[in-house]
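Below, chains carry the letters A, B, ... as their sequence lines are ordered, and counting in each starts from 1.
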Amino acid sequence: MFIATFNANSIRARKDIIQKWLNKTGCNILCIQETKVQDKDFPSKDFQELGYNCYYKGQKSYNGVAILSKEEPNQVSYGIGDGKDSEEDQARIIRASFKDFELINVYVPQGREIDHPNFKKKLEWFRRLLDHLKNHHSPSQPLLILGDFNVAPEERDVYAPEKKKNHVCFHESVRKEFFSLLDWGLFDLFRHFNKEEKQYTFFDYRIPKSVERRLGWRIDHILVTSPVLSQAKNCYIDLEPRTWPKPSDHTFLCAEFEPKLCTSNA
DNA sequence: ATGGTTGGTATCCAA
């Protein structure tokens, strides 16, 4: 059982490399963020041909999320579902119920600047997500939340922590919101398997040779409840997209589970 | 303090 997350920064620009990667890995479920495409233009055919069901919601130019899955989920919903969802919110989160577990794919707002209204919305977004978990989920039930959280949780997760204290992806306030999700009953799956520093999922295009110089951020995450953790075999960062001819700024964050994920706990 | 690159849409915005 193989589940992964990838910020595509345009599904159309990365379609070919995603297809190749799916064929190579046999990934069961891929969560995608920043598809940057309206629903009518989503290339679902190209993924259906490979045996994937496609669920997506997007906007022109910005945001947009998708789940590609071999197994058909019982139900799929868009937005946080608290009655406050804007069109943008719906293009930032997909919730899917599978036979043996629940899965949420998120693209958390970046926030722009600490004093920008969008940063306040980012903090609120975490609180709304936490409320959703409290109201509709339980830490004792199998749940995975994957995606681009736009937060580096700890100092070892960003290349220059002392310089980034006021960055929207490292400010104390947003890290606190991230940890409030963990405190509810989620585990940072990558950190469960990897303790070393300088393990990044995002490398800014604008910094020359950022991968080689290890100038990156760990802002993409896979958070799981304990019944899922007990079925997890490994979690790792696949750097391949960063070295492709048409490089992406994000990487694939991958997780491997026992074949019958969570059935023993269901 | 600022720049650098990429994608989508237009000659600028977001990351």
Side-chain angles (χ1 to χ4, degrees), chain A residues 5-21 31-44 46-47 56-66 86-93 105-126 146-153 157-171 173-175 177-178 200-221 237 239-253:
Chain A
T5 176
F6 179 54
N7 180 317
N9 186 16
S10 170
I11 188 78
R12 287 174 292 189
R14 313 275 176 236
K15 191 188 76 180
D16 291 352
I17 55 181
I18 291 172
Q19 284 181 307
K20 275 181 200 160
W21 187 85
C31 297
I32 305 173
Q33 304 85 36
E34 282 204 89
T35 55
K36 292 189 169 184
V37 71
Q38 295 177 96
D39 293 346
K40 65 179 175 68
D41 297 320
F42 190 93
S44 46
D46 299 299
F47 299 113
Y56 47 83
K57 195 162 292 269
Q59 297 177 287
K60 190 193 266 188
S61 298
Y62 306 115
N63 312 316
V65 279
S86 63
E87 200 179 319
E88 182 183 328
D89 291 332
Q90 292 186 52
R92 285 185 177 276
I93 173 168
N105 175 21
V106 296
Y107 176 48
V108 176
Q110 195 257 11
R112 296 190 66 167
E113 299 288 339
I114 292 297
D115 53 5
H116 192 280
N118 284 18
F119 187 66
K120 203 178 163 190
K121 276 173 83 176
K122 181 180 192 175
L123 299 179
E124 283 166 4
W125 220 82
F126 276 101
L146 304 89
D148 181 351
F149 288 75
N150 269 312
V151 179
D157 297 320
V158 57
Y159 69 93
E162 66 288 347
K163 284 183 184 173
K164 301 295 180 184
K165 295 254 187 259
N166 287 320
H167 192 286
V168 287
C169 296
F170 193 60
H171 191 266
S173 59
V174 78
R175 290 162 62 195
E177 296 295 339
F178 179 84
Y200 305 131
T201 63
F202 166 81
F203 297 92
D204 198 318
Y205 281 134
R206 296 168 292 186
I207 301 173
K209 306 261 177 212
S210 54
V211 175
E212 296 84 339
R213 297 161 65 201
R214 305 309 296 172
L215 302 178
W217 298 71
R218 194 175 72 90
I219 56 174
D220 301 276
H221 304 291
I237 296 160
L239 280 170
E240 193 174 334
R242 203 60 186 82
T243 58
W244 275 329
K246 199 185 204 177
S248 164
D249 49 2
H250 282 258
T251 60
F252 284 102
L253 179 61

Check: [Y] and [X] side chains under 4.5 Å, non-hydrogen atoms:
{"X": "A/Val151", "Y": "A/Glu177", "value": "no"}
{"X": "A/Ser210", "Y": "A/Arg242", "value": "yes"}
{"X": "A/His221", "Y": "A/Pro153", "value": "yes"}

Taking the [atom1] atom of each, how far is [N] from [M], in whole Å?
{"N": "B/dT9", "M": "B/dC13", "atom1": "C1'", "result": "9 Å"}
{"N": "B/dA10", "M": "B/dT6", "atom1": "C1'", "result": "15 Å"}
{"N": "B/dT11", "M": "B/dA1", "atom1": "C1'", "result": "27 Å"}

**Study point:** Earlier contact from the 5' end, DNA chain B, for A/Thr35 and A/Ile207
**Key:**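 Closest to the 5' end, via its nearest nucleotide, is A/Ile207.
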Check your understanding: Crowded around A/Glu113 CD? As in, over 12 foreign heavy atoms under 6.0 Å?
Key ->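 It does not: A/Glu113 CD has 12 such atoms or fewer within range.
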Exercise for review: Decide if atom NZ of A/Lys20 counts as having more than 12 heavy atoms of other residues, nucleotides or ligands within a radius under 6.0 Å.
Suggested key: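 No, NZ of A/Lys20 has 12 or fewer neighbouring heavy atoms, counting only those of other groups under 6.0 Å.
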**Study point:** Residue-phosphate contact under 4.0 Å: A/Arg213 side-chain N/O, B/dG4 OP1/OP2
**Key:**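 Looking at the OP1 and OP2 atoms of B/dG4, neither is under 4.0 Å from any side-chain N or O of A/Arg213.
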Shorter than 3.5 Å, N or O on both sides, protein versus nucleotides 13-15 of chain B: list them out with atom names.
unit_1	atom_1	unit_2	atom_2	d
B/dA14	OP1	A/Arg112	NH1	3.3
B/dA14	OP2	A/Arg112	NH1	3.0
B/dA14	OP2	A/Arg112	NH2	2.8
B/dA15	N6	A/Arg206	NH1	3.3

**Study point:** Cation over ring face, A/Arg112 and A/Phe119, 6.0 Å, 45°
**Key:**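 Output no; distance or angle outside limits.
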**Study point:** Atom-to-atom span, CG of A/Leu215 to C1' of B/dG3 - whole angstrom
**Key:**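 It is 14 Å, rounded to the nearest whole Å.
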Exercise for review: Answer yes if the side chains of A/Gln110 and A/Asn150 hold a donor-acceptor pair under 3.5 Å, and no otherwise.
Suggested key: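 Checked: A/Gln110/A/Asn150 side chains show no N/O donor-acceptor pair below 3.5 Å.
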Check your understanding: Is there a donor in the side chain of A/Trp125 and an acceptor in the side chain of A/Asp89, or the other way round, less than 3.5 Å apart?
Key ->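 Per modelled atom types, A/Trp125 and A/Asp89 side chains form a pair under 3.5 Å.
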Exercise for review: Map every base of DNA chain B to its dot-bracket character, where paired means a Watson-Crick or G-U wobble contact with both distances under 3.5 Å and | marks a partner outside the strand.
Suggested key: ....((((...))))
